[in-house]
Q: 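Can you keep this structure in mind? I'll have questions shortly.
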Amino acid sequence: MSGFNKVVTSYEEALAGFTDNMTVMVGGFGLCGIPEGLIEQVNKLGSTGLTAISNNAGVDGFGLGKWLEKRQISTMIGSYVGENELFEKLLLSGEMEVILTPQGTLAEKIRAGGAGIPAFFTATGYGTQVADGKETREIDGRNYVLEPSLTADFALVKAWKADTMGNLIFRKTAMNFNPMMATAGKITVVEVEEIVEAGELDPNYIHTPGIYVQRVIKGSFEKRIEQRTIKPSTEKA
Amino acid sequence: MALTRDQIAMRVAQEIQDGYYVNLGIGIPTLVANYVPEDMDVMLQSENGLLGMGEFPTEETIDPDLINAGKQTVTAVTGAAYFSSAESFAMIRGGHVDLTVLGAFEVDQEGSIASWMIPGKLVKGMGGAMDLVAGAENIIVTMTHANKHGVSKILKKCTLPLTGANCIKRVITELAFMEIKDGAFHLLERAPGVSVEEIQALTEADLVIDGDIPEMQV
C-alpha cells in the first residue's frame, strides 16, 4: 500500500540523489508556477555544472536567478532571457553556455522526451540560426527541422494540489511547462500547495497521473509577481 | 500624417472577424485588443497557456497564478481555458489560431522577419515568436517603416538574425499597409495625408504601386 505513497516531508529527502553535473528541468513561466522551495534547496546544496532546462531563468535574486548568482549552471536551455541582467551578462561573456530554443519547440521537446519520442520535425526555426547544423527535410512542399527531444535526471515541478499517490492538478497559467516536465524527469519531484488523501481528487480532473511522479512535498510559496498590472481605478465598476 | 501607435492598432483591428481566436504580441499588437468592434466576440490566446484573456485585474482580483505571455497579471473571460505550454503551441503550430499580430525589427520582400535579437546589443531570446510565425497562416506585422535616422526597415533582405523565413504576408506601418507577394511589397493603403512618394522614399524593398492607392480609414 505504501508503495504508492509519494509524499516526502523534507527538502533533503525531496532532492536525495541530486548531484553536480546533472540535467535538471524546472517548471514555470517567468516566476509563475515555479517550485520555489526546490529551487532554494538546489541553491543550498550548491551543486554545480548543471544543465538547466527552463523557459526562463528567474529574475536577479529570485527563482533560477539564484543559481546564476552562484554559477551553478554551466548550460542553460530556455527560450527567453527576459529582463534578467545577470543571465544576459553570462550569455554575452560566454561564461555560461545558453541554448536558446523557440518556446513551442522547447515545450514539444520535453513532451516528446517524456513520451518516448526521440525527435520530431517542426517548421519552427527553419531558415533561422536555430536550424544551424540540424537535419532538415521537405515534407509535402514545406521545410522542417529535426529537433531532438529532452529528458532530465531530475524534473522540479510545481503543482497546485497533489494526492498522496502523486496525482496532480495545476492552477490557471501556473501550469505552463510543469505537466510536460513531470513526464520527462527520471526523478520527478513536485512541490505543491496542498496534499490531500488519495481519492479526494476527482479522477476526471487529474492533469498529471501519479505514474510520472516520484516524490511530492508540500511547500510554501511567495508567488512573486513580475509585472503587476492593475486596471486603472477610473474603469472600476 | 503618419499613424499613431493606436491608429496602427485600429487599422489592424479592422482585419478581425467575429469568432476569431487571436494571438497578440507585445507592444503595438497588445493595443489591438482595445479596438475590437463592440459587436464582435474575439478570444485572445496567450501562449503561456490561456485562451480567453481578459483585461487587467483590480487590486482585489489580482492573482499571481494568472498572467499573460508578457508576464503581466490579467484576468480570464467567460469561456476561457487554461492549458500547458505544449497544448498552447499545438494550437499555434497546428494553425488553429485565426490571426497573429506581432512586431518586428525588419521585414523583407521574401516574407522573412527579424524580431528577436540584435547581435552584440540585445539578447532577449525568441520566446514564442518563431513558433508563431511558423504556425500562423494569417499574420500581420506591425512596425515602424524606418528607424529614427530614416533608414528603412522594409528591406530587400533582412540584415538581422531571422525569426522566420518566407512566412509574412501583411505589414502595417505608420505610413502604409502592404502585402508581400511574388518577391515584392505591394502597397495596398497609405496613411491619411501620406503620399506614395513619401512611402517609396522610406522603402528599401521593391515596392509595387498599382493604380490609385486609397487612404486607410482610421
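All figures in this text were calculated on a predicted structure; none of them were measured in a lab. Values below: all heavy atoms of this structure, side chains included; hydrogens, waters and symmetry mates excluded. Naming convention: chains lettered A, B, ... in sequence-line order (proteins, then strands); numbering from 1 in each chain.
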Q: Is a donor from one side chain sitting under 3.5 angstrom from an acceptor on the other, for B/Thr159 and B/Glu106?
A: yes
Q: Under 4.5 Å, counting heavy-atom pairs only, tell me which of A/Ile110, A/Thr122, A/Thr101 racks up the most with chain B.
A: A/Thr101
Q: Mind checking whether B/His96 and B/Gln45 have side chains closer than 4.5 Å, heavy atoms only?
A: no
Q: Chain B: which of A/Leu100, A/Val98, A/Val130 shares the most heavy-atom pairs with it under 4.5 Å?
A: A/Leu100
Q: Which of the residues B/Gly49, B/Ser84, B/Gly128 is involved in the greatest number of heavy-atom pairs with chain A at under 4.5 angstrom?
A: B/Ser84
Q: Are B/Phe83 and B/Leu51 packed together at the side-chain level, in the sense that at least one heavy-atom pair is separated by less than 4.5 angstrom?
A: yes
Q: B/Ser46 and B/Asn48: side-chain donor and acceptor closer than 3.5 Å?
A: yes
Q: With a 4.5 angstrom heavy-atom cut-off, which part of B/Asn166 approaches chain A: side chain, backbone, both or neither?
A: neither
Q: Quick one: which of A/Cys32, A/Gly78, A/Ala123, A/Gly127 has the most heavy-atom pairs under 4.5 Å with chain B, could you say?
A: A/Cys32
Q: Side chain from CB out, backbone as N, CA, C, O: work out which of these in B/Thr163 comes under 4.5 Å of a heavy atom of chain A, or both, or neither.
A: backbone
Q: So does A/Thr229 get a backbone contact from the side chain of B/Gln72, meaning a donor-acceptor N/O pair under 3.5 Å?
A: no
Q: Quick one: of A/Leu31, A/Leu92, A/Asn55, A/Thr173, who has the most non-hydrogen atom pairs under 4.5 Å with chain B?
A: A/Thr173
Q: Please assess B/Tyr21 against B/Met91 for the test side-chain contact (heavy atoms from CB on, under 4.5 Å), listing each intermediate value before the final yes or no.
A: CA-CA 10 Å; B/Tyr21 294 102; B/Met91 292 174 195; over 6 Å; no
Q: Counting only heavy atoms closer than 4.5 Å, note whether B/Glu47 contacts chain A via side chain, backbone, both or neither.
A: both
Q: Between chain B and each of A/His207, A/Met175, A/Arg224, count heavy-atom pairs under 4.5 Å; write down the option with the most.
A: A/Met175
Q: Which atoms of B/Met117 come close to chain A, meaning under 4.5 Å heavy atom to heavy atom: side chain ones, backbone ones, both, or neither?
A: side chain
Q: Test the B/Lys71-A/Phe29 pair against the cation-pi criterion, namely NZ or CZ under 6.0 angstrom from the six-membered ring centroid and within 45° of the ring axis.
A: yes
Q: Heavy-atom cut-off 4.5 Å, strictly under: side chain, backbone, both or neither for B/Ile62 against chain A?
A: side chain
